[in-house]
Participant: 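Just passing along the structure, written as structure tokens.
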Amino acid sequence: MRVIAGKYRSRQLKSVDSKRTRPTTDKNKENLFNIIGPYFEGGVCLDLFAGSGGLGIEAISRGMDELYAVDHQYKAFMTVKENVSLLRIENQCHLYKLDYKKALFKLKNERIQFDLVLLDPPYGLKINKDIITFLASNNMLNDCCVIVVEDLVEEAIEVSKPFVLKKEHHYGITTLQILKYER
């Protein structure tokens, strides 16, 4: 696993040594960022189910100012921490070993607003719609925030205002939905 483009291009990242995470392949990561970017002029990113931190770190490499990376699993949290340390980007990254619900409330109380949200939870939880609704109703999304949702095809969310579905791609059993928040 590596950083695809930007400031940290070609730098190797460690993956989580666990069957409980699904790392995004380099090819899928490249496709995703070609759709949503490919580069950013600053902003704040939330990677709510960070795994190794690869997607959020890619966003930092491509120009995001700050990353909030959250994972409840100890091995995943330690891997994100190690990857952030390897790239020496600790000053741009806020890492939380928390359940996603606790993390959302913590970020809400800190009044953090996001420009990019990455949601790739464990399959089968059916929580993505609730998460984006929570983010919007608690004023945690800047106008034109891009939200990336990866889940099983049969669990693709139905998109309604204030969200707009910009793109949707299917990769085997997985769907990738790109939404935009428009107040």
Side-chain angles (χ1 to χ4, degrees), residues 1-4 8 11-33 36 44-62 64 66-110 112 114 116-135 138 140-141 146-157 171-179:
M1 205 167 67
R2 64 187 172 89
V3 179
I4 305 298
Y8 303 104
R11 295 285 300 271
Q12 291 297 312
L13 298 175
K14 298 198 179 273
S15 59
V16 181
D17 183 24
S18 171
K19 290 184 166 102
R20 296 174 63 189
T21 61
R22 293 175 279 100
T24 302
T25 65
D26 287 351
K27 181 177 174 143
N28 285 351
K29 190 182 338 177
E30 185 172 17
N31 289 339
L32 164 64
F33 280 93
I36 66 171
V44 180
C45 175
L46 171 64
D47 190 353
L48 194 55
F49 302 90
S52 67
L55 290 178
I57 290 170
E58 187 75 32
I60 289 287
S61 182
R62 291 173 184 248
M64 280 280 157
E66 287 183 84
L67 168 63
Y68 288 80
V70 177
D71 208 295
H72 183 67
Q73 184 188 354
Y74 178 77
K75 284 184 179 181
F77 173 76
M78 293 308 291
T79 303
V80 175
K81 195 171 180 178
E82 193 173 348
N83 283 331
V84 164
S85 180
L86 280 170
L87 297 176
R88 295 185 174 103
I89 55 174
E90 296 93 343
N91 61 333
Q92 292 178 270
C93 300
H94 311 271
L95 310 178
Y96 298 104
K97 186 197 169 299
L98 289 172
D99 170 78
Y100 78 93
K101 288 180 185 176
K102 289 180 183 175
L104 287 173
F105 279 101
K106 179 176 179 45
L107 295 168
K108 174 189 140 194
N109 291 337
E110 292 177 9
I112 309 296
F114 301 102
L116 174 63
V117 175
L118 305 167
L119 298 176
D120 186 8
Y123 289 160
L125 296 181
K126 300 180 182 180
I127 55 176
N128 289 317
K129 183 70 173 182
D130 291 341
I131 291 169
I132 66 171
T133 300
F134 180 90
L135 291 167
N138 287 287
M140 297 171 72
L141 302 175
V146 172
I147 301 160
V148 177
V149 180
E150 185 177 331
D151 213 330
L152 294 171
V153 170
E154 60 268 17
E155 293 183 16
I157 59 174
Y171 304 99
I173 64 166
T174 302
T175 187
L176 181 67
Q177 294 178 293
I178 311 296
L179 302 109

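Note that the coordinates shown come from a computational prediction; the quantities given were computed from them, not determined experimentally.
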Participant: For Phe105, does the CZ atom have more than 12 heavy-atom neighbours from other residues, nucleotides or ligands under 6.0 Å away?
Facilitator: no
Participant: Tell me which donor-acceptor pairs under 3.5 Å the side chains of residues 125-135 have, and how far apart each pair is, sequence neighbours excluded?
Facilitator:
unit_1: Asn128; atom_1: ND2; unit_2: Asp151; atom_2: OD2; d: 2.9
unit_1: Lys129; atom_1: NZ; unit_2: Glu158; atom_2: O; d: 3.0
unit_1: Lys129; atom_1: NZ; unit_2: Ser160; atom_2: OG; d: 3.4
unit_1: Thr133; atom_1: OG1; unit_2: Lys129; atom_2: O; d: 2.8

Participant: Taking only residues two or more places apart in sequence or in another chain, which ones pass side-chain hydrogen bond (donor to acceptor under 3.5 Å, both in side chains) with Lys106?
Facilitator: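 For Lys106 the side-chain hydrogen bond (donor to acceptor under 3.5 Å, both in side chains) partners, ignoring immediate neighbours, are Glu110.
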Participant: Would you mind reporting whether Leu67 and Gln92 have side-chain heavy atoms less than 4.5 Å apart?
Facilitator: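 Contact flag for Gln92/Leu67 side chains = no.
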Participant: How long is the span from the CD1 atom in Ile112 to the CG atom in Leu141, to the nearest 0.5 Å?
Facilitator: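 That separation rounds to 13.0 Å.
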Participant: More than 12 heavy atoms of other residues, nucleotides or ligands under 6.0 Å from NZ of Lys97: is that the case?
Facilitator: yes
Participant: Determine whether a donor-acceptor pair (N or O, by modelled atom type, separation under 3.5 Å) exists between the side chain of Asn83 and the backbone of Ser52.
Facilitator: yes
Participant: If I take atom CG from residue Leu46 and atom CG from residue Leu118, how far apart are they, to the nearest 0.5 angstrom?
Facilitator: 7.5 Å
Participant: Please find the pair of heavy atoms, one from Val70 and one from Ala103, that lie closest to each other, and give the distance.
Facilitator: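 For Val70 versus Ala103, the nearest heavy atoms are CG1-CB, 3.6 Å.
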Participant: What's the separation between atom CD1 in Ile89 and atom CE in Met64, rounded to the nearest 0.5 Å?
Facilitator: 13.5 Å
Participant: Rounded to the nearest 0.5 Å, what's the gap from CZ on Phe114 to CE on Met140? Could you check?
Facilitator: 5.0 Å
Participant: Quick one: does Ser85's side chain have a donor or acceptor within less than 3.5 Å of a partner on Lys81's backbone?
Facilitator: no
Participant: Is Arg11 reaching over with its side chain to a backbone N or O of Leu86, donor-acceptor style, under 3.5 angstrom?
Facilitator: yes
Participant: Glu58 side chain to Ile4 main-chain N or O, any donor-acceptor pair under 3.5 Å?
Facilitator: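 Such a contact is found between Glu58 side chain and Ile4 backbone.
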Participant: Rounded to the nearest 0.5 Å, how far does CZ of Arg2 lie from CD of Gln12?
Facilitator: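 Answer rounded to 0.5 Å: 7.5 Å.
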Participant: So, Gln177 side chain and Ile157 main chain: donor-acceptor pair closer than 3.5 Å or not?
Facilitator: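 Checked: pair present.
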Participant: On a heavy-atom basis, which atom in Ala50 and which in Val80 lie closest, and how many Å separate them?
Facilitator: CB-CG2, 4.0 Å
Participant: Atom CG of Asp47 and atom CG of Asp71: how far apart are they, to the nearest 0.5 Å?
Facilitator: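 Separation between the atoms: 8.5 Å.
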Participant: Considering the options Tyr100, Tyr123, Phe77, Tyr96, which one meets the ring-ring contact (aromatic ring centres under 6.0 Å, His included) requirement together with Phe49?
Facilitator: Tyr100
